[in-house]
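In this chain, numbering begins with 1 at the start of the sequence shown.
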Amino acid sequence: MVLFMQADTSFWDSLVFDGIDEVDVEAVTAAFGTVEVVARGRVAGAACPDCGRFSDRVHDRYQRRLKDLPLVDQGFVIRLTVRRFICGSADCRRRTFAEPFSRLAAPHARFTTRLNHALERVGLALAGRAGARLAAQLGFGAGRMTLLRRVMALPDPRFSTPRVLNRGRLRDPPRPDLLHRLDQRRRPPRGRCTPDT
């Protein structure tokens, strides 16, 4: 059974494309436990990523299928029509370039940015098989290796200067100028006899 839903732009903009200005919803269908939104770019043209020159000459169109977070226990897919523009600059190496949807998904990605962040969090919490079981329960449908790849792609966390543990209390690390003074106090003065001579 296939249901065609009303493509109420304000409803779907607030639900799916919150904060993403560059997408227009054309149609919405629900079939076999999956809601599919057909969308296209709204902007007239785009700037070339290499030379920065604006172009509105369309070379071609292609479809991207992006998996998104589930919607009320149903899979959610965005079928996005992406335009390829012709770069008008004669000096530019790139002849054509794709319309960017940076807030919605990374280039060549099959998951939306929101789903990718959710998979990263599940992967960091559980990883492997346990994470895949939780992802299946949440309706993400990602395998264990997908979760591990997401975790491995994350940047390493930045750590601040470690604090020194001294007699059960945390203290700031000693300053180099204080260490020099402490070292001077421990050494015997020059020219004087030490007790063991």
Side-chain angles (χ1 to χ4, degrees), residues 7 9 12-29 34-71 74-87 89 92-158:
T9 308
W12 289 103
D13 278 347
S14 65
L15 183 67
V16 180
F17 303 111
D18 187 28
I20 302 171
D21 305 345
E22 60 227 16
V23 178
D24 272 338
V25 175
E26 292 180 341
V28 181
T29 59
T34 301
V35 176
E36 185 174 276
V37 173
V38 179
R40 63 178 172 77
R42 180 182 295 173
V43 294
C48 175
D50 286 351
C51 67
R53 183 174 176 176
F54 184 81
S55 176
D56 59 353
R57 292 178 50 205
V58 177
H59 172 70
D60 196 10
R61 288 177 175 81
Y62 66 93
Q63 295 275 326
R64 279 182 74 181
R65 188 175 184 272
L66 300 170
K67 193 172 181 184
D68 198 7
L69 292 172
L71 180 68
Q74 293 192 5
F76 195 82
V77 176
I78 301 169
R79 193 172 348 135
L80 186 65
T81 302
V82 181
R83 295 173 290 180
R84 291 195 66 79
F85 294 107
I86 299 171
C87 182
S89 176
C92 187
R93 296 180 316 131
R94 191 181 295 247
R95 296 289 172 225
T96 64
F97 59 94
E99 180 177 15
F101 293 100
S102 56
R103 289 193 196 157
L104 185 60
H108 309 290
R110 294 186 296 169
F111 297 139
T112 61
T113 308
R114 293 186 308 181
L115 180 58
N116 197 29
H117 287 311
L119 290 174
E120 287 171 359
R121 289 190 293 261
V122 169
L124 282 173
L126 296 175
R129 289 189 178 119
R133 285 192 297 269
L134 177 63
Q137 288 295 317
L138 294 174
F140 299 163
R144 65 184 178 89
M145 291 308 296
T146 300
L147 294 174
L148 292 175
R149 277 193 301 272
R150 295 290 186 277
V151 171
M152 291 170 53
L154 291 173
D156 290 333
R158 295 200 160 265

Q: Test side-chain contact (heavy atoms from CB on, under 4.5 Å) on F111 and L66 and set out the steps.
A: CA-CA 5 Å; F111 297 139; L66 300 170; over 6 Å; no
Q. So do the side chains of I78 and V23 get within less than 4.5 Å of each other, counting heavy atoms only?
A. no
Q) Does the side chain of T34 come under 3.5 Å of the side chain of Q74 through a donor N or O and an acceptor N or O? A) no
Q | Working for side-chain contact (heavy atoms from CB on, under 4.5 Å), residues D68 and V37 | A | CA-CA 10 Å; D68 198 7; V37 173; over 6 Å; no
**Q.** Gap between atom NE2 of H108 and atom CZ of R64 - 0.5 Å precision
**A.** 8.0 Å
**Q.** Contacts of V38 that satisfy side-chain contact (heavy atoms from CB on, under 4.5 Å) - sequence neighbours left out
**A.** E26, A27, E36, R79
Q) CG of L115 to CD of E120: how many Å apart, nearest 0.5 Å? A) 10.0 Å
**Q.** Side chains of T81 and Q63 in contact at under 4.5 Å (non-hydrogen atoms)
**A.** yes
Without placing hydrogens or testing angles, list every side-chain donor-acceptor pair under 3.5 Å for residues 98-106, not counting sequence neighbours.
{"from": "E99", "atom 1": "OE1", "to": "R83", "atom 2": "N", "distance (Å)": "3.2"}
{"from": "E99", "atom 1": "OE1", "to": "R83", "atom 2": "NE", "distance (Å)": "3.2"}
{"from": "E99", "atom 1": "OE2", "to": "R83", "atom 2": "NH2", "distance (Å)": "2.8"}
{"from": "R103", "atom 1": "NH1", "to": "G19", "atom 2": "O", "distance (Å)": "2.4"}

Q.
Suppose the criterion is side-chain hydrogen bond (donor to acceptor under 3.5 Å, both in side chains): which pairs have a residue in residues 45-61, not counting sequence neighbours?
A. D50-R94
Q | M145: side-chain contact (heavy atoms from CB on, under 4.5 Å) partners, not counting sequence neighbours | A | L148, R149
Q: Step through the shown structure and confirm whether more than 12 heavy atoms of other residues, nucleotides or ligands are within 6.0 Å of CD on Q137.
A: no
Q. If only atom types and distance count, is the side chain of K67 paired as donor or acceptor with the main-chain N or O of F140 below 3.5 Å?
A. yes
Q. Does the side chain of T112 come within less than 4.5 Å of F76's, by heavy atoms?
A. no
Q: Would you please name every residue forming a side-chain contact (heavy atoms from CB on, under 4.5 Å) with R144, sequence neighbours left out?
A: R129, A132
Q. For A136, what residues pass the side-chain contact (heavy atoms from CB on, under 4.5 Å) criterion, not counting sequence neighbours?
A. none
Q) So do C51 and C87 actually touch side chain to side chain, heavy atoms under 4.5 Å? A) yes
